[in-house]
Q: 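Below are the structure tokens for one structure; questions will follow.
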Amino acid sequence: MATIETDEHKSLREAVAALGKRHGHETETAQLWSEAGKLGYLGVNLPEEYGGGGGGITELSLVLEELGAAGCPLLMMIVSPAICGTVIARFGTDAQKQRWLPALADGTRLMAFGITEPDAGSNSHRITTTARRDRDTGDWLLTGRKVFVSGVDIADATLIVGRTEDARTGRLKPCLFIVPRDTPGFTRRPIDMELNAAEKQFELVLDDVRLPADALVGDEDAGLLQLFAGLNPERIMTAAFAIGMGRHALAKAIEYARDRTVWNTPIGAHQAIAHPLAQAHIDLELARLMMQKAAALYDAGDDMGAGEAANMAKYAAGEACVKAVDQAVHTLGGNGLTREYGLARLITAARVARIAPVSREMILNYVSHQTLGLPKSY
């Protein structure tokens with residue numbers, strides 16, 4: 001696996017960075033989303049025959065990282081093209097691909113992703129949203145609840161993870177369904193978050209939501225494979241989100257440390273300031289290497305190898321991001337908490353990279369069990 005980016009990737013970074021610089025951290029998210037879609041950045045990972053760029057998660061994570069570094073990350077990139085677009089591209093029917101992929105690629109339609117439940121959390125085996133067949137019509141009927149679903153209010157549909165009824169016997173059979181926003185019985189309630197983000201969080205209720213047979217994505221008996229085909233890109237893209245955010249905070253701190261002068265010398269000349277910033281840079285660069293490895297493995301079709309690397313990348317990036325933001329705020333002192341510098345808003349946002357889409361503790365469980373072969377405690 002190459003660790004040095006190609007000229008094409010470098011050019012893509014430069015172009016996306018220029019777009020991010022034009023918008024900045026106070027940009028209107030919808031406007032940036034529209035422009036990024038028109039320029040082909042949102043669908044860079046989707047097949048060319050459906051209007052995408054023909055690249056992979058490698059390219060898409062690069063786009064998100066650079067927008068984050070410019071202070072304007074697009075959270076829904078993790079959900080719409082990375083998770084939902086990937087799943088539909090790999091497992092959807094021809095009709096589903098024709099209907100959704102071109103619009104996801106150019107940004108004119110968005111799709112949310114619903115997996116987390118109030119009583120399930122990280123344990124997907126406890127998902128209780130059920131899907132059953134109407135024997136008379138062949139329709140699907142979905143019942144259940146989801147929480148912490150991003151962007152449902154702006155999404156045209158939500159990709160819902162449910163389970164067929166025989167999952168209650170202990171057999172895990174997750175299935176994925178496309179649920180249009182205005183489907184009867186499909187309701188949403190905003191969750192009151194202290195996190196200041198353009199993308200809102202929602203609780204969803206599915207009350208005997210009736211869907212046509214073709215709402216099912218892929219094979220009913222291959223749902224686990226299809227689910228993880230979306231979760232690996234989610235972890236890789238979350239790493240990109242975190243790395244971009246950390247780079248943005250670090251850049252502000254470096255600029256301030258160069259200019260801020262106390263006792264006749266810039267504060268960045270003092271090792272107490274310089275060394276923690278250098279450490280933050282190193283940690284972010286190391287996290288990026290693991291993210292690039294995970295993306296390369298995924299794009300090469302190695303789902304098993306990508307699973308391990310994606311979890312490690314997400315863990316490393318989350319830790320690096322939190323430390324970079326904390327050190328940036330500390331470097332600016334009181335200014336780090338002012339609206340002018342825009343760092344205080346990142347204190348809460350950085351924590352998201354540690355919590356979602358899977359906690360760092362569950363990643364450590366994964367590595368200890370799957371990589372190290374240690375026994376489970378649960």
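Counting from 1, the numbers follow the sequence of the chain as shown.
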Q: Identify the residue among Leu46, Thr86, Asp156 that makes a side-chain contact (heavy atoms from CB on, under 4.5 Å) with Leu104.
A: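 In the set Leu46, Thr86, Asp156, the residue that makes a side-chain contact (heavy atoms from CB on, under 4.5 Å) with Leu104 is Leu46.
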Q: Could you tell me if Arg109 sits above the aromatic ring of Trp100, with its cationic atom closer than 6.0 Å to the ring centre and no more than 45 degrees from the axis?
A: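 Geometry flag: set, cation within 6.0 Å and 45°.
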Q: Between the side chain of Tyr366 and the main-chain N/O of Met312, is any donor-acceptor distance below 3.5 Å?
A: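 A pair under 3.5 Å: no.
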Q: If two hydrophobic side chains count as joined below 4.5 Å and joins carry through other members, does Phe202 share a cluster with Phe148?
A: no
Q: Taking atom CZ as the centre, does Arg258 end up with more than 12 heavy-atom neighbours from other residues, nucleotides or ligands that are less than 6.0 angstrom away?
A: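 Counting neighbours around CZ of Arg258, 12 or fewer heavy atoms of other residues, nucleotides or ligands fall under 6.0 Å, so no.
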Q: Against Trp33, only a single residue in Ile154, Leu110, Thr108 fulfils side-chain contact (heavy atoms from CB on, under 4.5 Å); can you say which?
A: Leu110
Q: For the NE2 atom on His330, are there more than 12 heavy atoms of other groups (residues, nucleotides or ligands in this structure) within a distance under 6.0 Å?
A: no
Q: Would you call Asp283 and Arg288 a salt bridge, taking side-chain N to carboxylate O under 4.0 Å as the test?
A: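 Here Asp283 does not pair with Arg288 in a salt bridge, since their nearest N and O are not under 4.0 Å apart.
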Q: May I ask you to decide if the ring planes of Tyr256 and Tyr341 are parallel, tilted or perpendicular, using 30° and 60° as cut-offs?
A: perpendicular
Q: Heavy atoms only: give me the nearest Ala313-Ala294 pair and the separation to one decimal.
A: CB-CB, 4.5 Å
Q: Taking Lys146 for its side chain and Val161 for its backbone only, find out whether a donor-acceptor pair lies under 3.5 Å.
A: yes
Q: Tell me whether Met304 at atom CE has more than 12 heavy atoms from other residues, nucleotides or ligands lying less than 6.0 Å away.
A: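 Counting other residues, nucleotides and ligands, CE of Met304 stays at 12 neighbours or fewer.
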